[in-house]
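Residue indices begin at 1 and follow the sequence shown.
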Amino acid sequence: MVSQTTELLKKELPLEQELVVLPEDVVTGLVLVDIINGFCTVGAGNLAPREPNRQISGMINESARLARLFCDKNLPVMAFLDSHHPDKPEHPYPSHCIAGTDESNLVPALRWIENETNVTIRRKDCYDGYMGSMEVDGSNVFVDWVKNNQIEAILVVGVCTDICVLDFVCSTISARNRGFLAPLKDVIVYSRACATFDVPLQIARNTKGVLPHPQELMHHVGLYMAKERGAKIVNEVSFGAPK
């Protein structure tokens with residue numbers, strides 16, 4: 001039933017995806033959203049997958065591949081890591097990714113980026129990495145990262161497609177449109193390096209306080225809404241000759 005619903009949704013809300021070639025003479029930044037154990041490693045926490053998941057595994061593999069490419073080219077990379085204080089729950093979700101635990105650390109396939117000089121790591125305590133980059137003095141770590149590196153395009157990957165990825169993309173596009181993020185022009189979401197979680201209807205019905213969250217359907221909705229806000233949605237990424 002879910003697959004039929006998903007196919008109907010995709011028919012009613014078709015999502016055309018592009019192939020993007022990133023020019024070598026344009027500074028593109030890679031943004032990794034919450035690719036941490038608490039969301040991606042089997043059994044690592046309340047919001048981690050309970051069993052191996054193909055969409056999440058594919059997201060990790062593609063994100064790690066891109067991170068290696070960006071680091072080899074010494075291009076700027078920013079990684080958001082969900083990190084919560086135990087006394088500040090994030091309703092409606094159960095306790096997750098508590099600061100100082102391994103839940104809030106990068107997955108094993110990406111731990112190596114912590115030692116790369118072109119990588120900026122930002123721990124955040126909210127869905128939205130843009131808002132989570134705000135400092136008490138009013139400055140913003142993400143905005144400074146864009147400006148200091150003269151980034152003209154960002155490539156966004158990670159989890160969850162319809163939650164933290166989408167929230168960050170929407171805020172970033174709004175800030176760009178208001179002129180807060182010059183010289184940023186393009187916000188690109190790479191679908192094969194994004195993923196979300198799966199809560200089938202029958203499980204949600206039998207679990208108090210849990211909403212259904214069919215993975216493939218919500219992944220599509222997240223991408224569709226990002227495109228509706230003005231992001232480019234791509235299913236293939238490569239580097240090419242200068243413009």
Side-chain angles (χ1 to χ4, degrees), residues 9-10 13-23 25-35 39 59 62-63 66-67 70 75-82 90 119-135 138-196 217-239 243:
L9 178 78
K10 289 181 176 181
L13 301 175
L15 179 66
E16 292 187 12
Q17 301 191 45
E18 309 172 39
L19 179 157
V20 66
V21 178
L22 305 174
D25 60 343
V26 171
V27 179
T28 300
L30 177 66
V31 179
L32 306 165
V33 179
D34 290 343
I35 311 178
F39 295 140
M59 175 275 300
E62 281 298 297
S63 297
L66 284 171
F70 273 71
L75 288 168
V77 176
M78 189 164 197
F80 290 119
L81 279 58
D82 210 44
E90 190 172 49
V119 175
T120 299
I121 292 178
R122 175 67 178 185
R123 293 187 179 272
K124 63 180 180 65
D125 60 356
C126 60
Y127 305 118
D128 183 347
Y130 188 96
M131 293 301 298
S133 293
M134 294 292 295
E135 300 282 32
S139 63
N140 187 295
V141 174
F142 169 70
V143 173
D144 291 345
W145 176 75
V146 170
K147 291 180 177 294
N148 292 340
N149 290 288
Q150 288 293 287
I151 295 170
E152 295 184 44
I154 58 171
L155 182 65
V156 185
V157 301
V159 296
C160 291
T161 318
D162 55 314
I163 305 174
C164 294
V165 171
L166 178 62
D167 284 6
F168 167 72
V169 165
C170 290
S171 293
T172 297
I173 289 173
S174 292
R176 179 205 65 185
N177 291 348
R178 293 205 64 199
F180 299 156
L181 280 171
L184 183 67
K185 297 175 183 176
D186 294 326
V187 177
I188 306 164
V189 179
Y190 178 32
S191 63
R192 291 173 53 208
C194 290
T196 192
L217 188 152
M218 297 309 296
H219 178 67
H220 181 85
V221 167
L223 295 171
Y224 185 90
M225 292 183 71
K227 184 167 186 176
E228 195 174 43
R229 299 300 193 276
K232 293 182 179 180
I233 310 300
V234 304
N235 55 12
E236 190 171 341
V237 178
S238 63
F239 284 92
K243 284 186 175 178

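- To the nearest 0.5 angstrom, Y224 atom OH is 14.0 Å from K10 atom NZ.
- For the pair E62 and A193, the tightest heavy-atom approach, listed with the atom from each and the gap, is CB-CB, 3.8 Å.
- The shortest non-hydrogen separation linking L166 to A226 is CD1-N, 3.6 Å.
- Looking at heavy atoms from C-beta onward, P76 lies in side-chain contact with V27 at the 4.5 angstrom threshold.
- Atom CG of L184 and atom CD1 of I151 lie 8.0 Å apart (nearest 0.5 Å).
- In this structure, A153 and I188 approach most closely via the heavy-atom pair CB-CD1, 4.4 Å.
- Residues T172 and L181 are in side-chain contact: their nearest non-hydrogen atoms beyond the backbone lie under 4.5 Å apart.
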Would you sort out whether L75 and V77 count as a side-chain contact (heavy atoms from CB on, under 4.5 Å), showing the intermediate values?
CA-CA 7 Å; L75 288 168; V77 176; 5.8 Å; no
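- Evaluation of the side chain to side chain donor-acceptor pair (under 3.5 Å) rule for E135 yields R122 as partners, not counting sequence neighbours.
- Shown here are the side chain to side chain donor-acceptor pair (under 3.5 Å) partners of T196, two or more places apart in sequence or in another chain: D162.
- Qualifying side chain to side chain donor-acceptor pair (under 3.5 Å) partners for T161, counting only residues two or more places apart in sequence or in other chains: H219.
- When all heavy atoms are compared, the tightest approach of V146 to P183 is O-CD, 4.4 Å.
- Put simply, the side chain of D34 does not reach to within 4.5 Å of the side chain of C160, judged on heavy atoms.
- Pairs engaging residues 226-236 under the salt bridge (Lys or Arg N to Asp or Glu O under 4.0 Å) rule: D186-K232 [sequence neighbours left out].
- Residues forming a side-chain contact (heavy atoms from CB on, under 4.5 Å) with S238 (at least two apart in sequence, or on another chain): V21.
- Remark: the E152 side chain and the T28 side chain contain no N/O donor-acceptor pair separated by less than 3.5 Å.
- Contacts of V237 classified as side-chain contact (heavy atoms from CB on, under 4.5 Å), with partners at least two apart in sequence or in another chain: V20, L22, L66, L155, Y190, V234.
- Rounded to the nearest 0.5 Å, atoms CD (E16) and CD (E18) are 9.0 Å apart.
- For K147, there are no salt bridge (Lys or Arg N to Asp or Glu O under 4.0 Å) partners two or more places apart in sequence or in a different chain.
- Take R176 and apply the salt bridge (Lys or Arg N to Asp or Glu O under 4.0 Å) test, not counting sequence neighbours, and it matches no residue.
- Summarising the geometry of V159 relative to C164, their closest heavy-atom pair is O-CB, 3.7 Å, with the distance given to 0.1 Å.
- In terms of heavy-atom proximity, S191 sits nearest to Q17 at OG-OE1, 2.5 Å.
- By the side-chain contact (heavy atoms from CB on, under 4.5 Å) test, I121 pairs with A79, L81, L106, E114, V119, sequence neighbours left out.
- Applying the ring pair (Phe, Tyr, Trp, His ring centres under 6.0 Å) test to every pair with at least one member in residues 144-166, sequence neighbours left out, gives these pairs: F142-W145.
- Here D82 pairs with H84, H96, K124 under the side chain to side chain donor-acceptor pair (under 3.5 Å) rule; sequence neighbours left out.
- Between the CE atom in M59 and the CG atom in L32 there is a gap of 10.0 Å [rounded to 0.5 Å].
- With sequence neighbours excluded, the residues forming a side-chain contact (heavy atoms from CB on, under 4.5 Å) with D128 are Y130, M131, D167, F168, S171, listed by chain and number.
- Contact check for S133 versus M78: side-chain heavy atoms found under the 4.5 Å cut-off.
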